Amino acid sequence: MKIRKCKTDDLSRIAEIFVFNNRVNFFPIFKNEKFSFGELQVVSLANNYFNKSEIIENIYVYDEDVVKGFVQMKKETEISKLYVDTFFQNKGIGGELIKFAIQKLYADNLWALEKNIKAIKFYKKHGFYLTDEKKFLDDTDEYIVKLIR
């Protein structure tokens, strides 16, 4: 296991992991082709979102000669994103990333899409539990729910 701070060279790989996971997990829920296959692109995401100092500073990657996953923190102890490349899922990488976030970065809360049962189950397995707090995700009619430790 090699979890380390993100470098600029990692951004295209991080964006690739993010884009593919979003298409696989969220397109079936939102069914928004324009967003999923038009706006959500690796190069623009790497350049326009991930390539900001306040973002890069808060990303840690799981690297075994290739970046296989990442965790992004927000607001000190909040997990903003945790993604593992779909080809490397179910191999303990997500578990290592969340343990790192909890032990080293003091992560104690996050928001998850209410319909993303797989993610919520994963977070519960790692000591998080659902609160009664939920809100609409941006400009959608889908809820995100808060989990805490």
Side-chain angles (χ1 to χ4, degrees), residues 1-27 29-30 35-36 40-140 142-149:
M1 172 193 71
K2 298 176 184 172
I3 297 176
R4 62 169 174 76
K5 203 132 172 74
C6 172
K7 299 183 287 192
T8 305
D9 291 349
D10 300 322
L11 297 181
S12 62
R13 179 69 179 128
I14 289 168
E16 178 183 32
I17 292 168
F18 180 81
V19 167
F20 195 71
N21 269 278
N22 270 268
R23 288 177 179 160
V24 168
N25 295 310
F26 300 132
F27 178 72
I29 295 168
F30 294 104
F35 176 76
S36 292
L40 193 61
Q41 296 293 322
V42 172
V43 174
S44 60
L45 195 62
N47 291 337
N48 302 324
Y49 174 75
F50 287 113
N51 196 18
K52 295 178 183 171
S53 60
E54 67 271 16
I55 302 292
I56 294 172
E57 292 169 5
N58 293 299
I59 297 178
Y60 297 82
V61 297
Y62 185 100
D63 182 357
E64 287 183 323
D65 296 324
V66 65
V67 172
K68 295 181 177 180
F70 72 95
V71 61
Q72 177 185 342
M73 298 299 292
K74 176 182 177 182
K75 296 181 185 175
E76 297 177 9
T77 62
E78 180 181 326
I79 294 173
S80 174
K81 295 173 180 42
L82 193 156
Y83 289 92
V84 175
D85 187 304
T86 56
F87 290 98
F88 301 109
Q89 289 180 0
N90 300 309
K91 298 182 185 312
I93 295 168
E96 293 297 327
L97 283 166
I98 199 161
K99 284 180 203 167
F100 176 85
I102 292 166
Q103 294 171 357
K104 304 289 186 193
L105 308 173
Y106 309 105
D108 64 5
N109 71 99
L110 59 98
W111 291 87
L113 187 64
E114 185 176 46
K115 289 183 179 175
N116 193 348
I117 305 303
K118 183 178 169 185
I120 291 170
K121 183 179 175 184
F122 169 81
Y123 292 124
K124 284 181 170 182
K125 177 181 171 183
H126 292 281
F128 286 80
Y129 60 91
L130 285 166
T131 66
D132 291 331
E133 207 173 334
K134 68 180 178 177
K135 60 186 178 183
F136 286 111
L137 175 63
D138 299 328
D139 296 325
T140 73
E142 296 294 337
Y143 281 107
I144 54 174
V145 293
K146 187 161 189 167
L147 291 96
I148 62 173
R149 277 186 52 81

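All values reported here derive from a predicted model rather than from experimental measurement.
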Kindly compute the distance separating [atom1] ([X]) from [atom2] ([Y]), expressed to the nearest 0.5 Å.
| X | Y | atom1 | atom2 | value |
| --- | --- | --- | --- | --- |
| Thr131 | Trp111 | OG1 | CH2 | 6.5 Å |
| Ile55 | Asn58 | CD1 | CG | 7.5 Å |
| Ile59 | Lys7 | CD1 | NZ | 14.0 Å |
| Leu105 | Met73 | CG | CE | 5.0 Å |
| Tyr129 | Leu147 | OH | CG | 10.0 Å |
| Tyr143 | Glu133 | OH | CD | 13.0 Å |

4.5 Å side-chain heavy-atom contact, [X] and [Y]:
| X | Y | result |
| --- | --- | --- |
| Asp10 | Phe50 | no |
| Ile79 | Phe128 | yes |
| Leu130 | Lys124 | yes |
| Ile3 | Leu97 | yes |
| Ile56 | Asn51 | yes |
| Asn22 | Phe27 | no |

Hits for salt bridge (Lys or Arg N to Asp or Glu O under 4.0 Å) against Lys115, two or more places apart or cross-chain, chain-then-number order -> Glu142
Only pairs under 3.5 Å count here: list side-chain donor-acceptor contacts from residues 87-94, not counting sequence neighbours, and write none if there are none.
unit_1	atom_1	unit_2	atom_2	d
Gln89	OE1	Lys118	NZ	3.2
Gln89	NE2	Asn21	OD1	3.1
Gln89	NE2	Val84	O	2.9

Start with the C-alpha distance between Phe30 and Leu137, add both sets of side-chain angles, then the distance that settles side-chain contact (heavy atoms from CB on, under 4.5 Å), and finish with yes or no. CA-CA 11 Å; Phe30 294 104; Leu137 175 63; 3.7 Å; yes
Does the [X] side chain pair with the main chain of [Y], one donor and one acceptor, at a distance under 3.5 Å?
| X | Y | result |
| --- | --- | --- |
| Ser80 | Gln72 | no |
| Lys135 | Ile144 | no |
| Arg149 | Tyr106 | no |

For Lys5, look at atom NZ and say whether over 12 heavy atoms of other residues, nucleotides or ligands are found less than 6.0 Å away. yes
Counting only heavy atoms not in Glu76 (residues, nucleotides, ligands), do more than 12 fall under 6.0 Å from its CD? no
Parallel, tilted or perpendicular, judged at 30° and 60°: which one describes the rings of His126 and Phe122? tilted
Using atom types as modelled, flag every donor-acceptor pair under 3.5 Å from a side chain in residues 11-20 to any protein atom, sequence neighbours excluded.
unit_1	atom_1	unit_2	atom_2	d
Arg13	NE	Val67	O	2.8
Arg13	NH1	Glu16	OE1	2.8
Arg13	NH1	Asp85	OD2	3.0
Arg13	NH2	Val67	O	3.0
Arg13	NH2	Asp85	OD2	2.6

For Phe70 and Tyr60, I'd like to know if the aromatic rings sit close, meaning centre-to-centre distance below 6.0 Å. no
Pair Asn109, Lys146 - check side-chain contact (heavy atoms from CB on, under 4.5 Å), show working. CA-CA 7 Å; Asn109 71 99; Lys146 187 161 189 167; 3.8 Å; yes
Please name the pair of heavy atoms, one in Leu110 and one in Glu78, separated by the smallest distance, quoted to 0.1 Å. CA-CG, 4.2 Å
